[in-house]
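Small disclaimer: the values here were computed from a predicted structure and weren't measured.
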Amino acid sequence: MDLMNCFNENASDSNSNLPSSRYKGVVPQPNGRWGAQIYEKHQRVWLGTFNGEEEAAKAYNIASLRFRGLDAITNLKQSSLSTTIDDHEDETFFLQSHSKAEIVDMLRKHSYTNELELFKHNNAGKRMKYRNIIHTQKEWLFEKVLTPSDVGRLNRFVIPKQQAEKHFPLMDSEAKGVLLNFEDDLGNVWRFRYCFWSSSQSYVLTKGWTRFVKEKKVKAGDVVRFHGSISMGDDKKLFIECTPRNIDNEVSGYPEAPSPVEEPLMAPVQGHDGVVRLFGVNIESNIVDCTSQMASDISTTHQSNADTRPVPRVP
């Protein structure tokens with residue numbers, strides 16, 4: 001899905017003569033309408049064109065809450081449709097249940113309101129479950145890019161040793177491992193066995209990890225993030241979330257970086273006369289020339305011997 005607008009039609013010089021908006025993320029259009037935009041990793045994401053200035057401001061609010069979290073600074077104190085506490089929690093649940101790309105697509109198609117109302121109708125029973133999640137203050141612990149072995153047949157996830165000893169320290173009595181519970185962004189609880197493998201000197205999540213990989217459909221290159229609730233008591237919670245490796249490219253509209261082109265076996269180095277690159281290493285060409293000369297001498301000697309060999313007489 002191409003979420004990055006070309007902006008050529010909206011970035012003309014005539015825009016400099018248009019009045020600026022009093023709302024963040026809102027830009028005037030030459031046709032009298034208003035556009036909404038947000039930045040993601042220094043790339044501009046176009047959210048759509050709207051008839052009214054406040055309508056565009058609300059679109060920015062929605063995108064800001066999804067892109068930057070519930071504590072994001074928005075134009076209005078409330079989101080687009082949240083007039084009650086229940087409405088606010090339903091909309092928060094809705095935003096967290098959809099990717100950034102999906103939310104942007106709804107805003108561009110002006111279908112966000114209908115999609116939200118349908119979601120509220122179908123998920124009314126989950127409000128109480130999600131209420132405990134959105135009111136839990138979290139602190140970021142660490143993240144890791146999944147390796148092929150993390151999602152392979154080894155059925156385990158390796159936690160970096162420094163992070164494991166800092167956030168999930170094991171007591172001597174827990175040498176055989178413990179069970180850790182993690183909540184995802186939908187309130188589902190995942191239980192993993194956490195232990196230390198002395199053979200490889202690594203901390204791993206084992207039992208339960210394979211089911212998590214299959215149901216979340218994570219793959220190598222995806223990012224797994226861990227959070228913990230801000231609590232001084234024994235009821236501290238742990239949270240886990242996954243981000244596909246192409247989510248940033250999907251939002252920005254740029255394709256993934258192409259694979260690097262393999263270097264030739266041997267090639268001259270530009271700007272350095274007499275130097276060639278062999279197996280990724282710069283080598284002075286006189287060494288190569290010497291090798292080539294030796295091969296040439298051997299070939300010449302062999303040919304000379306063949307020329308001086310006596311020709312057998314024919315009886």
Between Glu91 and Tyr112, does a side chain to side chain donor-acceptor pair (under 3.5 Å) hold up when you go through it step by step? CA-CA 11 Å; Glu91 186 167 12; Tyr112 178 85; 2.7 Å; yes

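- Judged by distance alone, with hydrogens and angles left aside, the side-chain atoms of Arg225 form no donor-acceptor pair with the main-chain N or O of Glu241 at under 3.5 Å.
- Each salt bridge (charged side-chain N to carboxylate O under 4.0 Å, His left out) pair with one or both residues in residues 18-32, not counting sequence neighbours, appears once here: Arg22-Glu53, Arg22-Glu54.
- Remark: the backbone N or O of Trp46 is paired with a side-chain donor or acceptor of Arg108 at under 3.5 angstrom.
- Atom-to-atom distance recorded for Ile62:CD1 and Ile38:CD1 is 11.0 Å, nearest 0.5 angstrom.
- Side-chain contact check for Ser64 versus Ile73: every heavy-atom pair is 4.5 Å or farther apart.
- Minimum interatomic distance between Val158 and Ser202 (heavy atoms only, all atoms of both residues): CG1-CB, 4.3 Å.
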Might you work through the side-chain contact (heavy atoms from CB on, under 4.5 Å) test for Trp34 and Val27, ending with a clear yes or no? CA-CA 6 Å; Trp34 298 87; Val27 291; over 6 Å; no

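- The main-chain N or O of Lys237 is found under 3.5 Å from a side-chain atom of Ser229 such that the two form a donor-acceptor pair.
- Tyr39 is not listed as a side-chain neighbour of Lys41, based on a closest heavy-atom distance of 4.5 Å or more.
- The 12-atom threshold is exceeded at CD of Gln201, counting heavy atoms of other residues, nucleotides or ligands nearer than 6.0 Å.
- Between Trp190 and Phe192, the ring planes are parallel. Angles under 30° get that label, and only those over 60° would be called perpendicular.
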Going through the checks in order, is the salt bridge (Lys or Arg N to Asp or Glu O under 4.0 Å) test met by Lys216 and Asp222? CA-CA 11 Å; Lys216 290 293 185 178; Asp222 292 351; over 6 Å; no

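- There is no path of hydrophobic side-chain contacts, each under 4.5 Å, that joins Val104 to Phe50.
- Residues Val145 and Ile240 do not share a hydrophobic cluster, clusters being chains of Ile/Leu/Val/Met/Phe/Trp/Tyr side chains in contact below 4.5 Å.
- Distance NZ/Lys100 to CZ/Arg68: 9.0 Å, rounded to 0.5 Å.
- Residues Val178 and Leu141 are members of one and the same hydrophobic cluster, defined by side-chain heavy-atom contacts under 4.5 angstrom among Ile, Leu, Val, Met, Phe, Trp and Tyr.
- For Arg193, the side chain to side chain contact (heavy atoms under 4.5 Å, CB included) partners at least two apart in sequence or on another chain are Leu179, Thr206, Lys207.
- Every residue was checked against the side chain to side chain contact (heavy atoms under 4.5 Å, CB included) condition with Arg153, not counting sequence neighbours, and none meets it.
- For Phe182 and Phe239, the gap between ring centers reaches or exceeds 6.0 Å.
- Between Thr113 atom OG1 and Leu107 atom CG the span is 9.0 Å, to the nearest 0.5 Å.
- Contact check on Lys120 versus Glu117 returns a salt bridge, with a Lys/Arg side-chain nitrogen under 4.0 Å from an Asp/Glu carboxylate oxygen.
- By the side chain to side chain contact (heavy atoms under 4.5 Å, CB included) test, Asn155 is found to be paired with Thr210, residues two or more places apart in sequence or in another chain being considered.
- Here the straight-line distance linking atom OG of Ser111 with atom CE of Met106 works out to 6.0 Å at 0.5 Å rounding.
- Among all heavy-atom pairs drawn from Asp184 and Asn188, the shortest one is OD1-N, 2.8 Å.
- Note: Cys242 SG to Leu146 CG = 6.5 Å, rounded to the nearest 0.5 Å.
- A salt bridge links Arg156 with Asp150: the distance from a Lys NZ or Arg NE/NH1/NH2 to an Asp or Glu carboxylate oxygen falls below 4.0 Å.
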Take Glu115 and Phe94 through the test side-chain contact (heavy atoms from CB on, under 4.5 Å) and record every step on the way to the result. CA-CA 9 Å; Glu115 293 284 353; Phe94 177 75; 3.9 Å; yes

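- Between the side chain of His98 and the main chain of Arg66, no donor-acceptor pair closer than 3.5 Å is present.
- By the rule that hydrophobic residues join a cluster once side-chain heavy atoms approach within less than 4.5 Å of another member, Val151 and Val204 end up as members of separate clusters.
- Here the side chain of Lys144 pairs no donor or acceptor atom with the backbone of Phe226 at under 3.5 angstrom.
- In terms of modelled atom types and a separation under 3.5 Å, the side chain of Glu102 and the main chain of Ser99 share a donor-acceptor contact.
- Taking each heavy atom of Ala36 and Ala56 in turn, the nearest pair found is CB-O, 3.5 Å.
- The NE2 atom of His227 sits 8.5 Å away from atom CD of Glu143, with the distance rounded to the nearest 0.5 Å.
- Phe142 and Val223 are assigned to two separate hydrophobic clusters, defined by single-linkage of ILVMFWY side chains at heavy-atom distances under 4.5 Å.
- Checked against a 6.0 Å centroid threshold, the rings of Phe157 and Trp209 count as neighbours.
- Heavy-atom minimum distance, Ser149 versus Leu154: CB-CD1, 4.0 Å.
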Show which side-chain atoms of residues 163-170 pair as donor or acceptor with protein atoms under 3.5 Å away, not counting sequence neighbours.
| from | atom 1 | to | atom 2 | distance (Å) |
| --- | --- | --- | --- | --- |
| Gln163 | OE1 | His167 | NE2 | 3.2 |
| Glu165 | OE2 | Tyr203 | OH | 3.2 |

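- The side chain to side chain contact (heavy atoms under 4.5 Å, CB included) test applied to Asn181 returns Val189, Arg191, not counting sequence neighbours.
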